[in-house]
Amino acid sequence: DTGVSQDPRHKITKRGQNVTFRCDPISEHNRLYWYRQTLGQGPEFLTYFQNEAQLEKSRLLSDRFSAERPKGSFSTLEIQRTEQGDSAMYLCASSAGRTSQETQYFGPGTRLLVL
Amino acid sequence: DAKTTQPTSMDCAEGRAANLPCNHSTISGNEYVYWYRQIHSQGPQYIIHGLKNNETNEMASLIITEDRKSSTLILPHATLRDTAVYYCIVRVALNQAGTALIFGKGTTLSVSS
């Protein structure tokens with residue numbers, strides 16, 4: 001257990017529905033990252049927060065995706081109008097300290113299945 | 001694109017050392033090499049990182065060549081629980097601090113009794 005928690009662990013939804021995932025980072029960590037992992041592939045970077053500010057978004061993050069970290073603590077990732085291609089494991093990671101050698105600690109992930 | 005190259009798979013007998021190689025020929029002078037592993041259906045687990053000196057912790061040792069173009073992760077006494085996908089990562093700097101981990105497909109290590 002790294003101290004990063006994610007909820008829910010599993011989500012099954014129908015195409016077109018909205019889903020929201022939550023990530024609680026390690027309490028003193030100011031950076032929070034979201035990644036997506038599809039079957040057989042390594043995780044891919046989606047977006048990044050430093051405190052409450054969203055500083056970077058990958059081109060993978062389409063307009064249907066939105067992420068927030070309102071008080072610089074927990075974060076939510078929402079997917080609107082889900083598509084079957086959104087089926088994946090969504091991973092959250094947090095870190096602190098000097099950027100040059102920060103260590104990101106991952107949560108257990110939320111596995112999404114879109115039917 | 002991943003900035004590292006790893007073998008797709010490796011086998012190791014339980015109790016023996018597992019040596020996992022990684023090539024990172026385009027690494028720049030101030031970039032660290034990180035190793036993570038992912039056991040089936042879990043989030044990636046941090047193992048170790050290094051810049052140019054060899055590093056050791058309770059999980060593994062990291063040997064980096066003098067030219068820094070390759071490295072080897074060593075699990076000194078592999079157990080069945082070490083069966084996982086091992087990722088060698090050179091990070092990408094993001095705007096305004098922070099870094100993204102660029103994962104390749106990693107090496108699937110299978111430890112057998």
Under 4.5 Å, counting heavy-atom pairs only, tell me which of A:Pro43, A:Gly40, A:Gly109 racks up the most with chain B.
A:Pro43

Proximity breakdown for [X] and chain B, heavy-atom pairs closer than 4.5 Å:
| X | result |
| --- | --- |
| A:Tyr35 | side chain |
| A:Pro108 | backbone |
| A:Gln6 | neither |

Could you check whether B:Arg68 pairs with B:Glu31 (Lys NZ or Arg NE/NH1/NH2 to Asp/Glu carboxylate O, under 4.0 Å)?
no

Sidechain N-carboxylate O distance under 4.0 Å for A:Arg31, A:Glu102:
yes

Partner chain A: residue of B:Leu51, B:Leu101, B:Val85 with the largest heavy-atom pair count (under 4.5 Å)
B:Leu101

Between B:Tyr36 and A:Phe106, does the ring centroid distance fall short of 6.0 Å?
yes

So OG1 of B:Thr108 and CD of B:Gln38: to nearest 0.5 Å the spacing works out to 10.0 Å

Answer yes or no on whether A:Arg22 is positioned over the face of A:Phe74, meaning its NZ or CZ is under 6.0 Å from the six-membered ring centre and within 45° of the axis.
yes

